[in-house]
Amino acid sequence: MPKPRKRLAGAAGPAGPDNKGPAGKRTKTKNPAGASATMGNSSPEKTSASKDSGKNLSNYWLMKSEPESRLEKGVDVKFSIEDLKAQPKQTACWDGVRNYQARNFLRAMKLEQEAFFYHSNCKEPGIAGLVKIVKEAYPDHTQFEKNNPHYDPSSKEDNPKWSMVDVQFVRMMKRYITLAELKTHYQAHKTTGGPLKNMALFTRQRLSVQPLTPEEFNFILSLEEKEPS
DNA sequence: GCCAACGTTGGC
DNA sequence: GCCAACGTTGGC
């Protein structure tokens with residue numbers, strides 16, 4: 001079976017037929033070796049379970065991907081939620097993430113956790129649907145592929161720098177939740193103390209893989225039932 | 001296509 | 001270790 005690839009903004013690759021591909025994604029950054037510095041806090045790389053001091057069971061995520069064609073080193077990095085649905089088993093590997101903070105979030109993901117599939121860098125950015133983690137972090141093979149747009153010559157096979165997870169389509173949102181709508185709530189919540197007051201989409205602008213609190217996740221799901229504001 | 005935000009690189 | 005230059009992300 002082919003492996004799907006996707007790209008996300010910062011992350012994944014293209015959706016190719018199968019493998020081959022180059023994936024494209026944008027976030028590539030090269031980094032120093034140990035740089036895990038920017039991570040959120042201090043967790044440099046804890047690979048395993050993460051800090052669970054208790055609340056790690058309910059983690060939710062938001063993952064960005066570009067639904068419109070864009071070439072990166074000659075490779076189309078487009079990967080929309082429709083592209084994910086078209087993959088075998090509606091499953092794809094989220095390759096191409098080249099940012100330490102985003103990578104560390106990938107490594108913290110656990111089986112069956114849910115993530116919003118966010119469409120970025122497009123006409124109408126927003127949340128298109130829900131996916132779930134069906135394979136926990138493992139080495140991103142595209143870092144070793146010379147003609148992949150996210151090739152990282154500094155990464156060694158015996159100590160891979162970048163990771164990816166597999167995600168499976170769960171469902172489309174009942175209606176598309178636009179960035180503009182989310183922003184309206186975010187701004188209101190900053191003053192009222194509402195659930196989106198610290199949403200990473202606005203406070204960590206360029207992060208392609210980001211965590212959501214249960215409150216953020218549930219509030220966004222509740223928007224599906226309402227009229228777009 | 002522009003450009004603000006912000007992460008990375010590399011000189012010193 | 002500081003910080004200016006540079007590159008990327010991604011909204012608009």
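Chain letters run A, B, ... following the sequence lines, proteins first and then strands; every chain starts at 1.
- The aromatic rings of A:F117 and A:H119 sit perpendicular, their planes meeting at an angle over 60°, well past the 30° parallel limit.
- Side-chain atoms of A:Y118 and A:S65, non-hydrogen and from C-beta on, never get closer than 4.5 Å to each other.
- Side-chain atoms of A:I127 and A:Y176, non-hydrogen and from C-beta on, never get closer than 4.5 Å to each other.
- Set against C:dG10, B:dT8, C:dC12, the side chain of A:S208 has C:dG10 as its closest nucleotide.
- An OP1 or OP2 oxygen of C:dC12 is reached within less than 4.0 angstrom by a side-chain nitrogen or oxygen of A:K183.
- Here C:dT8 presents its P atom at 14 Å from CG of A:D152, a figure rounded to the nearest Å.
- When the C1' atom of C:dG11 is taken as reference, atom CZ of A:R204 falls 17 Å away, rounded to whole Å.
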Begin from the C-alpha positions of A:Y138 and A:W162 and carry the test ring-ring contact (aromatic ring centres under 6.0 Å, His included) through to its verdict. CA-CA 8 Å; A:Y138 61 107; A:W162 305 111; over 10 Å; no
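- Under a cutoff of 6.0 Å and an axis angle of 45°, A:K146 and A:F144 do not form a cation-pi pair.
- Of all nucleotides listed (C:dC12, C:dG10, B:dT8), B:dT8 comes nearest to the side chain of A:Y100.
- Taking atom NZ on A:K64 and atom C1' on C:dT8, their separation rounds to 12 Å, with Å as the unit.
- Contact annotation for A:F202: no contact, since no heavy-atom pair falls under 4.0 Å across all strands.
- The distance from atom CZ of A:R98 to atom P of C:dG10 is 15 Å, rounded to the nearest whole Å.
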Between the protein and nucleotides 4-7 of chain C, list the N/O to N/O atom pairs that are separated by less than 3.5 angstrom.
| from | atom 1 | to | atom 2 | distance (Å) |
| --- | --- | --- | --- | --- |
| C:dG7 | N2 | A:R206 | NH1 | 3.2 |
| C:dG7 | N2 | A:R206 | NH2 | 3.4 |

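- Between the side chain of A:R175 and the backbone N or O of A:E225 there is no donor-acceptor pair closer than 3.5 Å.
- Put simply, CD on A:Q101 is 15 Å from C1' on C:dT8, counting in whole angstrom units.
- Following rounding to the nearest Å, A:K123 (NZ) and C:dG10 (C1') show an atom-to-atom distance of 14 Å.
- A parallel orientation is assigned to the rings of A:F217 and A:Y60, their planes being inclined by less than 30° (bins at 30° and 60°).
- Atom pair A:M63:CE and C:dG10:P shows a separation of 13 Å (rounding to whole Å applied).
- Atom CD of A:E124 is separated from atom P of C:dG10 by 17 Å (rounded to the nearest Å).
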